[in-house]
Protein chains: 4
Amino acid sequence: MDEKDCPNSEHSTELEHLCSKAAGRPRSESARQAILVAADYLLARDGYGGVTMEAIAVTAGVSKATLYRWWPNKSAVLMEAFVAANGTCCAGPDTGDVGADMLRRMRGMTAAFAGAMGVTISGMIAEALADQEAAAVFRAQYLAPRRAEAVDALTRARKRGQIRAGADLEVAVDALYGAVYFRLLTGHGPLIPEFADALVETLLSGLREK
Amino acid sequence: MDEKDCPNSEHSTELEHLCSKAAGRPRSESARQAILVAADYLLARDGYGGVTMEAIAVTAGVSKATLYRWWPNKSAVLMEAFVAANGTCCAGPDTGDVGADMLRRMRGMTAAFAGAMGVTISGMIAEALADQEAAAVFRAQYLAPRRAEAVDALTRARKRGQIRAGADLEVAVDALYGAVYFRLLTGHGPLIPEFADALVETLLSGLREK
Amino acid sequence: MDEKDCPNSEHSTELEHLCSKAAGRPRSESARQAILVAADYLLARDGYGGVTMEAIAVTAGVSKATLYRWWPNKSAVLMEAFVAANGTCCAGPDTGDVGADMLRRMRGMTAAFAGAMGVTISGMIAEALADQEAAAVFRAQYLAPRRAEAVDALTRARKRGQIRAGADLEVAVDALYGAVYFRLLTGHGPLIPEFADALVETLLSGLREK
Amino acid sequence: MDEKDCPNSEHSTELEHLCSKAAGRPRSESARQAILVAADYLLARDGYGGVTMEAIAVTAGVSKATLYRWWPNKSAVLMEAFVAANGTCCAGPDTGDVGADMLRRMRGMTAAFAGAMGVTISGMIAEALADQEAAAVFRAQYLAPRRAEAVDALTRARKRGQIRAGADLEVAVDALYGAVYFRLLTGHGPLIPEFADALVETLLSGLREK
DNA sequence: TGATAACCGAGACGGTACGTCCCGTCTTGGG
DNA sequence: CCCAAGACGGGACGTACCGTCTCGGTTATCA
């Protein structure tokens with residue numbers, strides 16, 4: 001929210017007092033970490049609906065007041081815990097073969113979503129659907145990096161001439177990722193490697209008869 | 001659950017007592033309708049999380065016990081109300097031009113999801129994510145007919161030679177619909193007609209440079 | 001608060017429906033009794049400050065919601081429990097000797113206040129001091145009957161000619177009872193029989209030298 | 001608690017280091033005064049239960065730690081603030097007419113208790129009822145001087161022959177003061193001058209018919 | 001003239017009770 | 001057997017205050 005860090009403070013000597021070093025006892029970083037770890041653990045164990053603020057507090061060895069001091073409600077805690085645990089986005093190498101790279105990407109995604117990760121992320125999306133604030137965090141911290149990474153890969157492939165010039169890559173990524181999320185959320189079809197294969201093939205080749 | 005209807009009861013006279021015509025007062029159909037209407041109204045007004053069984057009962061002029069007599073829990077009532085209000089699936093004409101037909105379909109869908117329908121369906125999916133029973137109803141009553149209709153349309157086009165023989169139409173529909181749901185659920189991009197246009201074009205033409 | 005009983009209902013036949021018999025599940029009398037018993041028990045065991053709504057609910061085998069359905073807060077429950085347990089006011093016989101009767105009364109009172117009753121009643125007064133509502137209940141249900149009984153006894157004695165005509169008996173009772181409460185509340189002197197004796201003697205004889 | 005003053009330190013030169021003149025920054029007297037003033041103000045404004053340590057600290061421009069450094073808990077602060085503000089006991093002149101003097105005393109007391117002072121002192125007593133420590137302070141600092149003063153006045157009158165020899169003056173003062181406190185605490189009757197008049201008259205003349 | 005030690009503000013912390021809300025079940029009387 | 005009304009047990013929520021703690025910074029006195 002507000003800017004608290006002090007950039008380049010090593011260079012400023014006479015202005016140091018302006019950087020009002022936040023009087024009072026500083027926030028306990030260990031408590032923060034314990035809370036996020038506990039929330040992530042409970043999220044995986046009990047599912048979104050099963051997690052309780054009380055349980056997070058007890059598991060983290062923290063008072064409920066501390067939870068509410070730093071997060072406005074349950075969804076905020078869980079969302080931050082989720083992105084803290086799953087925020088990093090492993091890009092993977094660019095082999096030069098856009099089809100193979102994309103296939104690897106989608107296979108990894110379907111495999112992850114088919115496992116424990118699937119129920120967790122379902123819960124997070126369900127929460128994002130009901131809480132604007134949580135949705136923003138989820139988008140910015142989790143979704144955006146992954147989409148950007150995929151769009152980048154396609155853009156590089158287009159520069160290499162592997163993808164036709166006019167293609168809307170943003171939309172293409174929506175179609176690829178959307179299909180997987182669609183199956184995850186609605187469960188109408190299995191999240192198996194063959195699905196990933198067919199999806200990539202469909203997007204690359206298109207439906208129209210030449 | 002239990003079998004209540006009494007087939008051919010008009011022919012059996014001496015066995016009438018066996019076919020226990022549900023002695024006592026029959027279920028009030030007006031109450032059922034009032035409940036579904038109230039649930040749908042509240043769902044649109046307050047969103048899934050904001051709806052209360054108490055509120056449904058009061059709005060419908062019905063007692064809470066009546067709700068629980070016929071539905072096992074909140075999500076069951078809301079899901080049935082939702083499919084009752086949005087269950088019918090308007091197929092639309094098959095003009096012979098698969099691109100135009102698909103475009104019409106996706107434009108209608110994006111327009112609907114961009115409006116009040118969007119928050120309602122978000123809520124239903126959120127619930128489906130947490131309740132297996134509700135998920136099954138949602139899939140069977142709402143999702144399946146729409147997917148089937150779209151797959152059918154593509155299949156007819158393939159028979160007409162407009163779509164290449166090897167295409168996996170199930171996966172193609174997942175990609176089309178999934179992209180729209182993806183934007184609805186995560187809100188990372190707008191649900192505008194241009195999105196529908198680009199989506200159909202991407203799917204039909206594919207990404208690969210020929 | 002509102003009038004719910006139906007006086008003379010045995011005489012009205014055609015107006016019976018007006019006496020709207022309180023539709024819905026009636027209040028559980030057993031729960032009410034259990035609550036009052038539990039509250040009284042905890043009050044004696046833990047003192048006013050030590051009693052918890054949670055504890056009352058658990059001890060009574062009742063949900064916290066039921067407590068708050070019928071009483072607005074802790075002090076209301078405890079006050080009602082207190083007067084339910086200590087409400088009845090044993091008058092004692094009128095022997096014809098006002099001095100002896102009054103002495104018996106004050107000795108009983110000091111003895112009671114010197115024991116466990118003392119801490120309980122201290123707590124109730126402390127609460128009454130902080131809660132107007134509780135104060136009204138305490139006055140009307142506990143204090144008033146006792147004062148009235150004492151004033152009546154003095155009035156009868158005055159009619160018998162044992163007490164001078166001009167004496168303000170209300171004020172006299174305040175002085176008698178007030179002295180005992182004063183010692184209870186401030187603890188500056190012991191609540192022993194001799195104190196009761198001296199008090200009655202002082203009030204009867206007065207201070208002035210004749 | 002611990003002995004901090006250093007009597008006769010001006011005479012001891014070689015032992016000065018034993019009487020460690022509390023090295024370091026001394027206690028801030030201004031903070032102490034600000035706290036007591038703030039506590040007294042809040043006590044009058046919000047009543048005992050409404051006062052918060054946090055509020056005292058903020059109002060006094062002092063940290064909560066400073067409060068707890070010098071007082072063990074809330075009641076200790078408020079009690080000290082109360083006696084600091086109301087500790088001095090104005091004796092009033094001894095006119096030689098015990099009746100008139102006592103009347104003046106009781107009228108002043110009823111008038112004070114009928115005003116803002118009433119709620120404050122109620123709160124202090126309520127607290128004293130729940131906290132042994134606070135009770136001792138209240139008795140010793142507030143109550144005792146006033147009782148002693150009244151007993152002294154009566155004793156002088158007895159020496160003058162205005163009060164009969166056998167009267168128990170301690171008990172008489174309890175009856176006088178107790179009656180006023182009784183009305184204050186239970187609120188069953190008004191604290192008006194006429195009450196003071198009747199009270200003094202009752203105590204002086206007694207109830208018994210001669 | 002520092003050094004030292006206790007002071008001070010700010011405010012985060014664990015803990016505990018509060019009072020509210022909703023769920024899904026039940027118990028009435030009446031149709 | 002159904003229905004409206006509404007009380008019930010259960011349990012999570014978010015708030016408030018208590019009394020403790022840990023920071024950085026501030027003064028008096030002692031060395």
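Proteins get letters first, then strands, A, B, ... in listed order; numbering begins at 1 in each.
The stretch residues 39-64 of chain A touches DNA chain E through A:G61, A:V62, A:S63, each having a heavy atom under 4.0 angstrom from the strand. For the segment residues 67-79 of chain A, the set of residues with a heavy atom within less than 4.0 Å of an atom of DNA chain F comprises A:Y68, A:N73, A:K74, in numerical order.
Residues B:A65 and C:A65 both approach DNA chain E. Their nearest nucleotides, taken by heavy-atom distance, put C:A65 toward the 5′ side. Heavy-atom distances to DNA chain F give each of B:E29 and C:T66 a nearest nucleotide, and the one nearer the 5′ end belongs to B:E29.
Between the side chain of C:R25 and the base of F:dC8 there is no donor-acceptor pair of N/O atoms closer than 3.5 Å.
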Tell me which donor-acceptor pairs under 3.5 Å the side chains of residues 29-37 of chain C have, and how far apart each pair is, sequence neighbours excluded?
| from | atom 1 | to | atom 2 | distance (Å) |
| --- | --- | --- | --- | --- |
| C:E29 | OE2 | C:R32 | NH1 | 3.3 |
| C:E29 | OE2 | C:Q33 | NE2 | 3.4 |
| C:S30 | OG | C:S28 | OG | 3.1 |
| C:R32 | NH2 | C:E80 | OE2 | 2.7 |

Could you pull out every donor-acceptor pair under 3.5 Å between side chains of residues 72-79 of chain D and any protein atom, sequence neighbours left out?
| from | atom 1 | to | atom 2 | distance (Å) |
| --- | --- | --- | --- | --- |
| D:N73 | OD1 | D:S75 | N | 3.4 |
| D:N73 | OD1 | D:S75 | OG | 3.2 |
| D:N73 | OD1 | D:A76 | N | 3.1 |
| D:K74 | NZ | D:V51 | O | 2.9 |
| D:S75 | OG | D:D131 | OD2 | 2.5 |

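For C:A128 against C:A135, the heavy-atom pair with the smallest separation is O-CB, 3.4 Å.
The distance between atom CD1 of D:I35 and atom C1' of E:dG9, rounded to the nearest whole Å, is 12 Å. Regarding D:R32, its CZ atom lies at a distance of 16 Å from the C1' atom of E:dC7, rounded to whole Å.
Evaluation of the side-chain contact (heavy atoms from CB on, under 4.5 Å) rule for A:A44 yields no partner, not counting sequence neighbours. With sequence neighbours left out, A:Y41 forms a side chain to side chain donor-acceptor pair (under 3.5 Å) with A:R45. For D:Y48, there are no ring-ring contact (aromatic ring centres under 6.0 Å, His included) partners, not counting sequence neighbours.
Applying the salt bridge (charged side-chain N to carboxylate O under 4.0 Å, His left out) rule to pairs touching residues 47-60 of chain B yields B:E54-B:K64, sequence neighbours excluded. Listed by first and then second residue, the salt bridge (charged side-chain N to carboxylate O under 4.0 Å, His left out) pairs involving residues 34-44 of chain C amount to none (not counting sequence neighbours).
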